[in-house]
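What follows is a single structure, written as structure tokens, with notes after it.
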There are 2 protein chains.
Amino acid sequence: MREAHHAECPMDSLLRLLMGPWTSYIIWVLRNEGPTRFGELKRKVPGISAKVLTERLRMLEGAGLITRHHEPTIPPQVTYALAPRGEELRGILDTLNSVALRWRAEDQTQQAQSGEPTCVPAPADKPATSPADSKTVSA
Amino acid sequence: MREAHHAECPMDSLLRLLMGPWTSYIIWVLRNEGPTRFGELKRKVPGISAKVLTERLRMLEGAGLITRHHEPTIPPQVTYALAPRGEELRGILDTLNSVALRWRAEDQTQQAQSGEPTCVPAPADKPATSPADSKTVSA
DNA sequence: AATTTCGGTTACGAAAAGATAACTACTTTA
DNA sequence: TAAAGTAGTTATCTTTTCGTAACCGAAATT
């Protein structure tokens, strides 16, 4: 019902995709941690259930934002990573993050990020598989 | 429950704010149409109910993204507009829109935006953002 | 031999969100 | 006099979503 109203708008579709409660956080974790396995991802996203995590992952995969690599070993290993399109989102997420950081700093009218948890652990993230730096920093 | 997990992350808070079903669309309309009255806004967002629209508007206002100008005339006129912080989001929304547009074009592997509805009517938007008349009645 | 691990899926109940409609106050219009 | 319009609010009902728990197969571990 909600997706039938103005789904013809590309941005709205994208926004609608990114809109789910955990969606952005999952992308954020993948962005910061690099390729991550299901269980580890679940551990990284504190309160999420396997059901919702699977659901979001499937949605994201269907949208081409992440990839799913299934290693059919006996304890199966499923690794998720940002797809090229997910990588394209990095610039936007970074910009959004800087805006959010700035606003918070303005709200505090004082120190921006002193000992504050920044959610983005390190600028030098794990070069797990994608050594390609943010080449799509558009904004 | 959902907002207690990692609400300390500025970006997640912002994402969480932008996340609501109609939220982004409202900002988008305000961005494209300029200051808009409640009824007109409701007409611009096809399937929204007054309840949800009010709720989103209040939330957005509380976050400082939009302003609410209440003219206490007899048929009351309430006009909503992007606040400075809402304006700051324009770049991000534009980038996101261009990404969405590009992806859609890639999906079609052919013409990008021929006769497609673009959701962003005109780059030359209404300059009605003068802060002189927006008193911001504050809740 | 039984349990644990891994990456899920399924069913079920609870909770949250949303839709709908009625109602507010006041003026203008028919 | 009655209806419409403006900007909502409130209540109730329905829909959707979410969390929890159980379960899956097979191999490794205890």
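Please read all numbers here as calculations on a predicted model, not as lab measurements. Letters go in sequence order (proteins before strands), and every chain restarts at 1.
- For the OP1/OP2 pair of C:dA19 and a distance below 4.0 Å, the side-chain nitrogens and oxygens of B:S49 include at least one atom meeting the criterion.
- Here the closest heavy-atom approach between residue B:L96 and residue A:I92 is recorded as CD1-CD1, 3.3 Å.
- For A:R58, whose side chain is taken as the heavy atoms from C-beta onward, the closest listed nucleotide among C:dT9, D:dT10, D:dG8 is C:dT9.
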remark   = Its contact letters, B for base, S for sugar-phosphate only and - for none at protein heavy atoms under 4.0 Å, make nucleotides 23-30 of chain C read ----S---
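- Under the 4.0 Å criterion applied to side-chain N and carboxylate O atoms, A:R58 and A:E55 are not assigned as salt-bridge partners.
- A salt bridge is absent between B:R37 and B:E40: the closest approach of a Lys/Arg side-chain nitrogen to an acidic carboxylate oxygen does not fall below 4.0 angstrom.
- In this model, the phosphate group of D:dA7 is approached by a side-chain N or O of B:R37 to a distance below 4.0 Å at OP1 or OP2.
- C:dC6 atom P lies 14 Å from atom CG of A:L53, rounded to whole Å.
- Put simply, CD1 on B:I48 is 15 Å from P on D:dA7, counting in whole angstrom units.
- As rounded to whole Å, 15 Å separates atom C1' of D:dT6 from atom CG of B:L57.
- Closest approach of A:D107 to B:R85, counting heavy atoms only: OD1-NH2, 2.8 Å.
- Nucleotide D:dG8 holds its P atom 13 Å from the CZ atom of B:R43, rounded to whole Å.
- Evaluation of the salt bridge (Lys or Arg N to Asp or Glu O under 4.0 Å) rule for B:R56 yields no partner, not counting sequence neighbours.
- Note: CD (B:E71) to P (D:dA7) measures 11 Å, nearest angstrom.
- One atom, CD of B:E40, and another, C1' of D:dG8, lie 17 Å apart when rounded to the nearest Å.
- With hydrogens and angles disregarded, no donor-acceptor distance shorter than 3.5 Å links the side chain of B:T79 to the backbone of B:Q77.
- Ranking D:dC18, C:dT9, D:dT9 by closeness to the A:P21 side chain, first place goes to D:dC18.
- Of the listed nucleotides (D:dT20, C:dC6, C:dG8), D:dT20 has the atom at the smallest distance from the side chain of A:K51.
- For the pair B:E55 and A:V52, both in contact range of DNA chain D, the more 5′-proximal nearest nucleotide belongs to B:E55.
- Rounded to an integer number of Å, the gap from A:F38 CZ to C:dC6 P is 12 Å.
- No donor-acceptor pair closer than 3.5 Å links the side chain of B:S49 to the backbone N or O of B:G47.
- Summarising the geometry, the separation between CD on A:Q77 and P on D:dG25 is reported as 21 Å, rounded to the nearest angstrom.
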